[in-house]
**Student:** 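Structure below; questions to follow.
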Amino acid sequence: MGQLQWQLLPVFFSLFLSLPSLTTAQFANTSTLSFAVPSGYTSATFNASAQPTSATPQTDFSNSALALLWNFIGPVSIGPVTTTIKPTPEPTSYAQPLASNFHPLVASKDPSLANLKLPEGFKWGLASSAYQIEGAAKDEGKGPSIWDLLSHRVPNFVSDNTTGDVVGSHYWLYKQDFARLKGLGIKAFSPSISWPRIFPFGKGPINEAGVKHYDDVIAELHANGITPAVTLFHWDTPLALYNEYGAWSSPQIVDDFFNYAKFIISRYDAYVDEWFTINEPQYCNWQFSYYPAGKYYPTFNSTSPVKSRFLCGHYSLLAHARVAKWYHEEFKGKGRITFKNSGNYYEANSTKPEDEVARQRNFDFAVGWFGGPWTDGDYPKSLKDTLGDLLPTLTQEEKTMIKGSCDFYAIDGYSSFTAFEVDGGIEACVSNRSHPGFPDCAGSASTASNGFPLGPAADPAMSWLYDTPTGIRKFLKHLTTVLFPSIPDIVVTEFGFAEPFEAQLSNMNQILWDLRRADYFQSYLDSILASIHYDKVNVTGAWGWAIFDNFEWGSGTSVRFGLQYHSPPFVLADEIPPNPPTPVTSDRPAIPNSPASPSPEISALFSTQQPTLSASGQPSATPATSSAPATTSKRRHSLSESSDDSESSASHPSRGRPSRHISKRRRRADGTMRLDNDASKRSQSPIQNFSNGSTRSPGYRGSLGKVANGDSHTKAESNGSTASYTNGSSVANGRSVPTTFFGHDREEVTRILIQSLTDLGYHGAAGALCKESGYQLEGPTVASFRSAVLKGDWAEAEELLFGTNSYDNGGGIDLDGHGTYAKSWAKSARSTSTARHTGGLTLAEGANRDEMLFWMKQQKYLELLERRDLGKALMVLRQELTPLHQDVGRLHALSSLMMCQSADDLKFQAQWDGAKGDSRTLLLSELSKSISPSVMIPEHRLAILLDEVKQSWISNCLYHNTAASPSLYVDHTCDRDDFPMKPVLELRHHSDEVWYLKFSNDGTKLASTSKDRTVVIYDTTTYKLLHKLNEHDAGVTHVAWSPDDTRIITCCTQQECSARIWDVKSGRCITTISDFTYPCTTAGWAPDGKTVVIGSQDTKYGLAVWDTDGNIVHRWIEDNLRVNDLAISPDGQRLVVLLENRILVYDFTSYEKICEWTLDDIKLTSVNISQDSQHMLISMNENKIKLMEIDTGEIIQRYSGQVQTQFIIRSAFGGANENFVVSGSEDSRIYIWRTNGLLVDALDAHPNGCVNSIAWHPTDPKVFASAGDDMKVRIWKPAPPHFQSTSNGYSR
């Protein structure tokens, strides 16, 4: 610091000290601050934590109100199935344990029951509930329930944080589920109906889509011969009622439940024999103990959890009684009605009187609480004495209504307990409302007095559940003789068992042998039978829980009760829901009423004027019947297809090639929404046929994505410029010219050239050609139509395309807001005085007018959504798109887009780029395919013609083996010397026959297997040996590379009969799968590399999926499933399996069989699948190779010449773009064909034996390898200059 700065410090210091006095002086005249209140304002005190003191009536039942309700929930997940599925055929029998095999079945513990039968009329079946299995949480107008809120918004309220958004997707798969019940011989099913699916707000307007769904559920049950017993309410209270008045803690719930129940019963009573109004009203105990009232939804009526519990029970009982009274006295219902009780059996833990009192209190606070229908209609004395003012008082009128309101007793009796006095005694507990045991004041345990468990324990998450079969027998007798002697008959409406740790298992062998569950059901059924015959209890039914694994409330999916194993796409609460998937085949027909079916016909309830609510808060479309036929697009074709194929499916009606519905692939989840036919699997093979526009495309083949006639463009041009050119005659520079051009129509050639010049961007040249030739690309009507589509003038476009007598005769909503349904799409500037008749454009043969109209209205609908004009979009959806009766799945997908929150969200969900993108151009491209080519030239016609020329060259060029496109300057031909026909390398590392070989997927390695028990791996750069794997004890039949080439799996014959997985880098065997008693023949890797499919001749494990640790994941169970070969399609969708004379095709995503073909008098030996996943190449004895469509079995091509009579000879695809088929032969030769069937050559390859296998290099089309009986592997390439073979261990 400088001298000057030091000198100034005292000055600064003195100023600093003086500042407080200066500040004080400024406010010396004011002791406190005051602030003026501006005029015109009032004030209040707010407390965001305060609970409401009175209900707010719900009067808004609009779409926006529904959307607001769902906003409480947050994002909801959508499963892989989004429309009702037609059931696939169930097997005639199901696999089950073989009592005579290695482990006995779970047997009855009471031999005296052996000859006893259940009484006639005894109902038995399975049960479940809507929220636990339906999924489709937000679909088709359903409102949220309290459980949607709890599972989504309350962290860890569900132990594994799963939700009911998807679960078993029973809402979409009920037809399949019922078909399976029928196949299993189960004659009855007890579902529940979702209250918020019928009344999204709990009251108000009815959701038509929900009603139609349950119409079909009831009808489908009857169609399958299954008797329904329906529960009206199984805990899924509409969330709107909690928000409005506190739901079950308010007397208003009685009216709203009655309104709901009255509707359901009135509609379905003719087809339902038994009604359960409420499932386990005892749930009020834990609902108001554990539900986070006041935190995630309002608390009304009482802040005391205990008082709220008994308010809930009180109004539940009154709601039931009111419905029952109406059912019998006013409605005169034909069936029976009751509610389901939750209760368990108790025995005193000792002979102490206090323990006996505790036993009775346990009964009183469970079944006694709701025992009024069997007594005087009132609550037990113990409850009234203990609870005092906490227990609502029943009026005499209410008690009279409750008494006798149940036609039979329903008990969900899962387990049993011992009862004992609470610590400190009952009196101390009863007199102290803060006692931890209050108000029950009775202890219970699952252990006996000596501390030993009462029975085997269920999953630890169900700590209350033990297998106590004698308890149910004692309970049935105690209920009907001691507690409620007036019970006429009793039904066990739920009983079931959670197999311990089952949710943590992935090995199906462990899962299927659920011995504790089997013991539970066997023992409980024994006890029920004994109760009937020995105790004379009138038990009239039993319902097992549950139909399949489901959502178990607070435990989510971490425990499993299902009698059927189910591994659904459970979704975590914090997961972002995926895009809606590809809609699959829709099936929501009218209620059946055919003479062959006893199923009922339920009359329509609604008029067309009633609103239908969608989950997005928007009315949804009325389902329409699908009219889109299934089509098959061939990718590989022979030059001449025979019509008299002796082995084709058409000539063998007895074989009955099944028609495959897309619903077989129903569990496919796809991140891209396609609103039309899936075009994602187009073959890239040069043998593919291109559409030239002369015939009608079989449907809307593109998605809303950027695809135009199969080609991708940054900005697509369509049929040249939109300008209209002057009509003229065939003149050139004033001279008349011939009408033909080298035999071709001059006008056609000229117009195609005009189009092509425009495609190339030479618009000036195109215009000059038009002017000089006098021909125009298209007439003024076509030009106007093009312009209308590109401008989005849909009224004009429809009129020009189809013709009309008036501009006011159709069209619907106008994008500009002027049109109405009375005035169609007509723009306001156009008056009716300008109306005229137009004939429309000539359509191509086979064009579907309704489908074309659907495409245009679909575009209009999307543009309205993009503008956020939801009201008009909804009108287009309901009144323009739906009446066209196109695929319901497409309509569902379109309606789901109403939920999009923004234009960007819409574009992402629909894979659509908006009105200002290419969508209109792409629409025009699709429409042009349906317009006569003479009127509107198909797009890019010259390019397509040139493609066909090149394809013809390639198809007829024997040696074409490159992916490069041929030059147009000269006729194409390839030199034979450039084709791999010379064995340039000979590998001699095997000491016996070489049976199989395969290049790695990247082509850097080659593996061969041999009868000598070894597997050899080569580096294909030098063909030096990398590993010789010699741990097998028998010949090695097969090898397959993992998708990442880091592992291989090998299969072995007798005597080893195993499969081994090897690490390629180290050459170490990392897994041995030796569960087979017969040889392993083949294997393939799943595309994700996590599992393998192994085929064998084994009777138990003939075909199974295994993980890489050797655990079984899935096993196909079918008689005589002895596998010769298998292949998995590159896209992971199909598994093709060859048996001795049968071809089986499975959906590899669901493991379901899709189709099967039996071929007589042949033996199938090998199968390969093309890279486009469309075709399979099958080798068979004798001397046959066939190229077939995978999903239809249609024979595309045959290949002949090779010899195959005794041994396994393998064929394969090969060459550039898989242009070739190659096969070994028993005559020591290699046979090579083009895929069109032309024989390229037969090469002498491995003398004195068979050529067993050929493998073509996957990245170098000029290399393939062969394996033969001569113990050698040969590498084939084009002959190098001065080729000479040598022999030095390797041979060149």
Side-chain angles (χ1 to χ4, degrees), residues 92-127 181-190 225-227 229 344-345 347 408-416 448 453-458 465-481 487-499 512-547 561-564 1117:
T92 54
S93 63
Y94 297 85
Q96 55 186 337
L98 298 175
S100 60
N101 205 340
F102 298 102
H103 191 288
L105 301 179
V106 175
S108 170
K109 307 298 190 299
D110 187 350
S112 68
L113 298 172
N115 296 317
L116 298 181
K117 303 292 184 183
L118 292 169
E120 185 176 354
F122 186 94
K123 283 187 179 179
W124 62 274
L126 298 179
L181 289 184
K182 179 181 180 181
L184 290 168
I186 294 172
K187 301 292 187 183
F189 178 53
S190 182
I226 299 171
T227 301
N344 297 287
Y345 182 65
E347 281 191 349
F408 61 100
Y409 197 88
I411 183 65
D412 296 352
Y414 282 86
S415 195
S416 299
L454 297 179
L465 179 55
Y466 285 75
D467 182 355
T468 56
T470 57
I472 190 64
R473 177 179 173 186
K474 294 177 180 179
F475 195 21
L476 291 171
K477 184 174 182 179
H478 194 72
L479 280 166
T480 55
T481 60
I487 292 175
D489 66 289
I490 188 169
V491 175
V492 181
T493 40
E494 286 183 27
F495 66 111
F497 197 75
E499 188 76 12
L512 292 177
W513 273 99
D514 49 352
L515 289 174
R516 287 197 184 180
R517 181 181 291 125
D519 177 74
Y520 178 97
F521 276 104
Q522 178 66 58
S523 301
Y524 271 60
L525 289 170
D526 280 350
S527 294
I528 291 171
L529 188 62
S531 177
I532 294 171
H533 287 278
Y534 299 148
D535 303 334
K536 306 304 178 184
V537 177
N538 188 20
V539 187
T540 56
W543 302 85
W545 186 272
I547 180 175
F561 274 87
L563 272 74
Q564 299 178 78
I1117 301 173

**Student:** Rounded to the nearest 0.5 Å, how far does OG of S523 lie from CD1 of I528?
**Tutor:** 11.0 Å
**Student:** Please check this pair: side chain of D519 against backbone of V106, looking for a donor-acceptor N/O pair closer than 3.5 Å.
**Tutor:** no
**Student:** How many angstroms lie between CD1 in I487 and CD1 in I411, if you round to the nearest 0.5 Å?
**Tutor:** 9.0 Å
**Student:** Can you tell me how the ring of Y524 sits relative to the ring of F495, calling it parallel under 30°, perpendicular over 60° and tilted otherwise?
**Tutor:** parallel
**Student:** Decide if atom NZ of K109 counts as having more than 12 heavy atoms of other residues, nucleotides or ligands within a radius under 6.0 Å.
**Tutor:** yes
**Student:** Within this structure, what is the OG1-CZ distance for the pair T493 and F408, rounded to the nearest 0.5 Å?
**Tutor:** 8.0 Å
**Student:** Consider side-chain contact (heavy atoms from CB on, under 4.5 Å). Of D535, I532, I490, which one does L476 pass it with?
**Tutor:** I490
**Student:** Calculate, to the nearest 0.5 Å, the distance between atoms CZ and CG belonging to F189 and L126 respectively.
**Tutor:** 7.5 Å
**Student:** Looking at every heavy atom in both N538 and P488, which two are closest together, and how far apart are they?
**Tutor:** ND2-O, 3.1 Å
**Student:** State whether the side chain of N344 and the backbone N or O of S415 hold a donor-acceptor pair below 3.5 Å, judged by distance alone.
**Tutor:** yes
**Student:** Give a yes or no on whether the backbone of V537 and the side-chain of S531 come within a donor-acceptor separation of less than 3.5 Å.
**Tutor:** no
**Student:** Can you confirm whether K123 is buried at NZ, in the sense that more than 12 heavy atoms of other residues, nucleotides or ligands lie under 6.0 Å from that atom?
**Tutor:** yes
**Student:** How long is the straight-line distance from OG of S190 back to CD1 of I547, given to the nearest 0.5 Å?
**Tutor:** 10.5 Å
**Student:** Find the distance between CD (Q522) and CG (D110) and round it off to the nearest 0.5 Å.
**Tutor:** 10.5 Å
**Student:** For the residue pair Y534 and S112, confirm or rule out a side-chain donor-acceptor distance under 3.5 Å.
**Tutor:** yes
